[in-house]
A.B. asks: 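The structure under discussion is supplied below as structure tokens; questions concerning it will follow.
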Number of protein chains: 2
Amino acid sequence: MLELAILGLLNGSPMHGYELRKQLAQVLGGLRSISYGSLYPALKRLHAAGYVTTDEPDRRTPLPADAPPLTGRRGKVVYTITAEGKERFAELVSQAGPEAYDDGGLFGVRLAFFRHTAADVRLRILEGRRRTVERQREGLRASLSRTRERLDRYTLELQRHGLESVDREVRWLSELIDSERQGADPPASDPSAGTSRPAAAPRTTPGPSTDRSRS
Amino acid sequence: MLELAILGLLNGSPMHGYELRKQLAQVLGGLRSISYGSLYPALKRLHAAGYVTTDEPDRRTPLPADAPPLTGRRGKVVYTITAEGKERFAELVSQAGPEAYDDGGLFGVRLAFFRHTAADVRLRILEGRRRTVERQREGLRASLSRTRERLDRYTLELQRHGLESVDREVRWLSELIDSERQGADPPASDPSAGTSRPAAAPRTTPGPSTDRSRS
DNA sequence: GATCGATGTATCGGCACGATACATCGACCT
DNA sequence: AGGTCGATGTATCGTGCCGATACATCGATC
């Protein structure tokens, strides 16, 4: 999930981790902040996969048993997306499978980068998300009416509040879908989001299986 | 977090894991289901800590290299809470620290077992939760008005919806707090929720600070 | 000139998750 | 009689995220 978010942000401009973390918090809706314990491993994976590069050419001073306080410089590390990374991002952003909307967290990230997603894919994702949440709602409704008498007030309140939340989410999604169906000009929206056309690669001949990256 | 939920359920009656999982899904609000990958390790920890016991007296047939398909019986395992477990549960359920409301998941579980929690502790937890969510709301508000112009429609919608959600949660909590402050007899409510004195009074003996509770 | 808070990179242990394997049982179909 | 299918049931594995923490630099304030 972070993979998409990080690539999306770096696709905008290079950054170091600290900045990335702040922007990430914005993207994820403001409340769910990302921790360094997720961010740096994720960057490491992306780097290993060849999707990002760093400056600071491996200035990793090992010395684990020699100089006690480790006075080796630890400069800023700027992460930059590669061509493969941009490719990967475009690929991720154009997928509409269940994983795109079954997980709420991932869905939020997808929504945050909707301007890079084709209009028909946007619609499919929104509708898929609505279906998922509707199913949750029905399950919740059933459970609530089934156990209405047997549970204490607090559990009931919790479920009632949860039900109202999913209900609100369904309505919210419906509004988004409606305004998506009307032209509803999503403001500006860069043209890199070609509609369902495989786009025949505007540039960067995809190079099907060039796994040359593996060292 | 699971620790409390499991102890709480087993405090009701012994169960095996499968049943536990189903009940857990109810307790957690209906939408967040718990997976076996969390449940069984959690039960293992609780067993190691002496909070639960199992029947099936270590019928663990090792044979990892002998009989290929492992035909050893794998019977049902019933988990039962111990005296120490009940003690632990009572302790967990009477704490009102920040960890009780800063994490939304844990708060939900706490709420689900509120009938085992003393009235004054209930109030403290609800108010703490409200403070936490209010802070989130303010942060979100600030971020929204700060970036209103610079972000695309989807991100904005996401943040707006998030803001409305936390706003609704604040109002919901306020209602709970109000009805808690009025007598608002939480239905029946078993007497095991004595502040530290077992069942001093039928209702609302606020029992001033007297921090007798610490062991 | 020292401390303090923001900025900044990075790891560690722990917990929860999804996927999966293994196993039994009743029901319904053939 | 056999078959398979779905619910029940216990359990592990690899992965990913998190909180806490360590280490490090820099600017401002005192």
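A, B, ... follow the sequence lines: proteins, then strands. Residue 1 opens every chain.
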A.B. asks: Can you tell me the distance, in whole Å, between the CG atom of B:L20 and the P atom of D:dA11?
C.D. replies: 12 Å
A.B. asks: In whole angstrom, what separates A:E3's CD from D:dT15's P?
C.D. replies: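 About 14 Å, once rounded to whole Å.
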A.B. asks: Does a side-chain N or O of A:K44 approach OP1 or OP2 of C:dT9 to a distance below 4.0 Å, or not?
C.D. replies: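 No.
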A.B. asks: Sequence neighbours excluded, which residues qualify as ring-ring contact (aromatic ring centres under 6.0 Å, His included) partners of A:Y79?
C.D. replies: none
A.B. asks: Restricting both atoms to N or O, compile the protein contacts to nucleotides 5-7 of chain C shorter than 3.5 Å, with distance only.
C.D. replies:
{"from": "C:dT7", "atom 1": "OP2", "to": "A:Y18", "atom 2": "OH", "distance (Å)": "3.3"}

A.B. asks: What residues form a salt bridge (charged side-chain N to carboxylate O under 4.0 Å, His left out) with A:R135, not counting sequence neighbours?
C.D. replies: none
A.B. asks: Rounded to whole angstrom units, what separation is found between the CG atom of B:L39 and the P atom of D:dT10?
C.D. replies: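 After rounding, the gap between these two atoms is 9 Å.
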A.B. asks: Rounded to the nearest Å, what distance is computed from the CG atom of residue B:L46 to the P atom of nucleotide C:dG14?
C.D. replies: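 My rounded result for the distance is 16 Å.
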A.B. asks: List in chain and number order the residues that pass salt bridge (charged side-chain N to carboxylate O under 4.0 Å, His left out) with A:R148, two or more places apart in sequence or in another chain; answer none if no residue qualifies.
C.D. replies: none
A.B. asks: Expressed as a whole number of angstroms, how long is the span from A:L43:CG to D:dG16:C1'?
C.D. replies: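 Result: 14 Å.
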A.B. asks: Pull out every protein N or O sitting under 3.5 Å from an N or O of nucleotides 19-21 of chain D, one pair per line with the distance.
C.D. replies:
{"from": "D:dG19", "atom 1": "N7", "to": "A:S35", "atom 2": "OG", "distance (Å)": "3.4"}

A.B. asks: What residue pairs, at least two apart or across chains, pass salt bridge (charged side-chain N to carboxylate O under 4.0 Å, His left out) with a residue in residues 90-106 of chain A?
C.D. replies: A:R88-A:E91
A.B. asks: Applying ring-ring contact (aromatic ring centres under 6.0 Å, His included), can you list everything that pairs with A:F107, at least two apart in sequence or on another chain?
C.D. replies: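 With neighbours one apart ignored, the set is empty.
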A.B. asks: What residues, two or more places apart in sequence or in another chain, satisfy side-chain contact (heavy atoms from CB on, under 4.5 Å) together with B:Y36?
C.D. replies: B:Y18, B:R21, B:L39, B:Y40
A.B. asks: Identify which nucleotide among C:dA10, C:dA16, D:dG16 has an atom closest to any side-chain atom of B:L2, counting heavy atoms from C-beta outward.
C.D. replies: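 Per side-chain heavy atoms of B:L2, the pick is C:dA16.
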A.B. asks: Using the test side-chain hydrogen bond (donor to acceptor under 3.5 Å, both in side chains), find all partners of B:R137 that sit at least two apart in sequence or belong to another chain.
C.D. replies: B:D167
A.B. asks: Could you check how far CZ of B:R21 sits from P of C:dA19, rounded to whole Å?
C.D. replies: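 Going from B:R21 (CZ) to C:dA19 (P), I get 12 Å.
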A.B. asks: In whole Å, what is the span from the CZ atom of B:R45 to the P atom of D:dA11?
C.D. replies: 15 Å
A.B. asks: Hey, does A:T80 have a side-chain heavy atom less than 4.5 Å from the side chain of A:D55?
C.D. replies: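 The answer is no, as the side chains (C-beta and beyond) never meet within the 4.5 Å cut-off.
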A.B. asks: For residues 88-106 of chain A, which residues have at least one heavy atom under 4.0 Å from DNA chain C?
C.D. replies: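 The stretch gives none, as no residue of it lies under 4.0 Å from the strand.
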A.B. asks: Regarding A:E164 and A:R160, does a basic nitrogen lie under 4.0 Å from an acidic carboxylate oxygen?
C.D. replies: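 A salt bridge is present here (some side-chain N lies under 4.0 Å from a carboxylate O).
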A.B. asks: Which residues pass the side-chain contact (heavy atoms from CB on, under 4.5 Å) test with B:E19, sequence neighbours left out?
C.D. replies: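 Partners of B:E19 under the side-chain contact (heavy atoms from CB on, under 4.5 Å) test: B:M15, B:H16, B:K22, B:Q23.
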A.B. asks: Side chain of B:Y40, heavy atoms from C-beta onward: which of C:dT11, D:dA11, C:dA16 has the nearest atom to it?
C.D. replies: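 When the side chain of B:Y40 is considered, D:dA11 is the closest of C:dT11, D:dA11, C:dA16.
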A.B. asks: Under the side-chain contact (heavy atoms from CB on, under 4.5 Å) rule, collect the residues that match up with A:I177, sequence neighbours excluded.
C.D. replies: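 A:I177: side-chain contact (heavy atoms from CB on, under 4.5 Å) contacts with A:L123, A:L126, A:E127, A:R130, A:R181.
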